[in-house]
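Everything on this sheet refers to the single structure shown next.
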Amino acid sequence: MLSRLPQAVLKGQNALRASFKLPHARFASSASSQPLLTSRASLISVSLLSAGSIAWYTHLYGTLPFIGEVHANSLADDGLHPAAYPWPHKGLFDTFDHASIRRGFQVYREVCAACHSLDRIAWRNLVGVSHTVDEARALAEDIEYADGPDDNGEMFQRPGKLSDYLPPAYPNEEAARAGNGGALPPDLSLIIKARHGGADYVFSLLTGYMDPPAGVEIREGMNYNPYFPGGAISMSRLLFDGLVEYEDGTPATTSQMAKDVVTFLNWAAEPEHDERKRLGLKAVILFSSLFAISIYIKRFKWTVIKNRKICKCLRFAWIAAC
């Protein structure tokens with residue numbers, strides 16, 4: 001049958017068959033490029049993992065073990081690096097010890113509030129965290145606040161309210177410096193975030209007072225603490241065993257009081273800590289579920305299209321063969 005056809009028709013049919021073989025070459029090239037893309041993705045993933053590990057190690061320990069650093073000052077000038085303590089709220093799913101926050105507020109009020117302020121904390125912030133509404137209101141009413149002016153244009157004193165902020169130790173900065181030999185006691189609202197080492201540093205500072213070692217001279221009015229930069233600090237040791245009497249009967253040792261007041265200051269710097277972790281856990285669960293569903297939908301939708309390409313190629317080949 002084919003032998004009776006003209007030679008031009010046979011040539012046209014051969015050209016048509018050759019044209020239908022082109023998709024096979026295109027698919028082969030795309031298939032060969034998949035290992036290349038996979039190798040590039042693997043290389044990028046390993047690079048990101050290595051960079052993240054180095055950044056995390058540097059964040060934890062400050063320096064890399066195989067790269068030296070050059071400092072303009074000595075380690076004594078920077079202060080002794082504090083140890084890492086197992087705080088109850090340190091884990092990803094852990095929350096603050098609210099009993100410790102209550103004891104820490106007692107230590108702050110009876111010891112620290114004589115010099116340090118807590119400007120960002122109001123009495124109402126204690127409600128539901130360490131005190132009830134009635135307890136916080138009673139604490140606020142013990143303090144007299146200046147208010148006014150009244151109808152006569154004069155200022156007056158009134159009992160505190162839940163909306164009032166904790167009172168400062170001094171009326172202004174000049175009075176604070178005059179009462180502390182020229183040194184300005186810092187505000188403790190964000191002290192945990194403002195110091196390298198955070199809670200570990202503040203705890204080590206409160207419990208690290210000692211006599212200066214041989215060869216170290218401390219001028220009069222200063223105290224030696226190896227965790228403070230330079231070693232000389234104007235604040236003297238304030239925490240001693242039995243200094244306060246806890247309401248719940250907890251022994252008031254130096255380390256216990258330091259731990260409680262640091263926990264309280266950590267909460268003061270991050271009042272949203274517990275809520276942030278709770279919402280973060282919900283967000284991780286939600287977005288992980290949505291990611292898994294999106295992967296399933298992607299495979300379900302695109303599998304048909306990918307198979308359709310293969311079937312189309314086979315159909316063209318069958319047509320060419322006919």
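What you see below is based on every heavy atom in this structure, not just the backbone, and it leaves out hydrogens, waters and symmetry mates.
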Original post:
Which atom names give the shortest non-hydrogen contact between L162 and A122, and what distance separates them?
Top reply: O-CB, 4.2 Å
**OP:** Taking atom types as modelled, find out whether T132 and D134 have a side-chain donor-acceptor pair closer than 3.5 angstrom.
**Re:** no
**OP:** Kindly compute the distance separating CG (D94) from CH2 (W87), expressed to the nearest 0.5 Å.
**Re:** 14.0 Å
Subject >> Shortest non-hydrogen contact from W267 toward N125 >> reply: CZ2-O, 3.3 Å
Original post:
Which distance, rounded to the nearest 0.5 Å, do you find between the CZ of F105 and the CG of L166?
Top reply: 5.5 Å
Original post:
Is a side-chain donor or acceptor of T95 paired with a backbone partner of D274 at a separation under 3.5 angstrom?
Top reply: no
Original post:
Side chains of H81 and H196: closer than 4.5 Å at any heavy-atom pair?
Top reply: yes
Original post:
What pair of heavy atoms forms the shortest contact from P82 to S204, and how long is it?
Top reply: CB-OG, 3.4 Å
Original post:
For the side chain of K259 and the backbone of S100, is there at least one donor-acceptor N/O pair under 3.5 Å apart?
Top reply: no
Original post:
Does some side-chain heavy atom of L238 sit less than 4.5 Å from a side-chain heavy atom of L243?
Top reply: no
Subject >> E217 side chain to P212 backbone, donor-acceptor under 3.5 Å >> reply: no
Original post:
Would you find a donor on one side and an acceptor on the other, under 3.5 Å apart, between the side chain of N225 and the backbone of L205?
Top reply: yes
**OP:** In plain terms, say whether K161 and D164 are close enough for a salt bridge, that is, a side-chain N and a carboxylate O under 4.0 Å apart.
**Re:** no
Original post:
Counting distance only, does the side-chain N/O of R237 pair as donor-acceptor with the main-chain N or O of L239 below 3.5 Å?
Top reply: yes
Original post:
When rounded to the nearest 0.5 angstrom, what distance separates NZ in K193 from CG in N266?
Top reply: 9.0 Å
Subject >> Working for side chain to side chain donor-acceptor pair (under 3.5 Å), residues D187 and S117 >> reply: CA-CA 5 Å; D187 180 77; S117 59; 2.6 Å; yes
Original post:
Under 4.5 Å between any side-chain heavy atoms of M257 and E110, yes or no?
Top reply: no
Subject >> Check ion pair R177-E174 (N to O, under 4.0 angstrom) >> reply: no
Subject >> Where A258 and T207 come nearest, the two heavy atoms and their spacing >> reply: CB-CG2, 3.7 Å
Original post:
Can you tell me how far NE2 of H116 sits from CG of L184, rounded to the nearest 0.5 angstrom?
Top reply: 9.5 Å
Original post:
How long is the span from the CZ atom in R109 to the CG atom in L118, to the nearest 0.5 Å?
Top reply: 13.0 Å
**OP:** Show your reasoning for whether side-chain contact (heavy atoms from CB on, under 4.5 Å) applies to F264 and V107.
**Re:** CA-CA 9 Å; F264 168 73; V107 175; over 6 Å; no
Subject >> Spacing of CG belonging to L188 relative to CZ belonging to R120, to within rounding of 0.5 Å >> reply: 12.5 Å
Original post:
Is there side-chain contact between N223 and M235, with heavy atoms separated by less than 4.5 Å?
Top reply: no
Original post:
Parallel under 30°, tilted from 30 to 60°, perpendicular over 60°: which one fits the rings of H89 and F96?
Top reply: tilted
Subject >> Student check: side-chain heavy atoms of D147 and F156 closer than 4.5 Å >> reply: yes
Original post:
Between the side chains of T253 and D241, does any donor sit under 3.5 Å from an acceptor?
Top reply: no
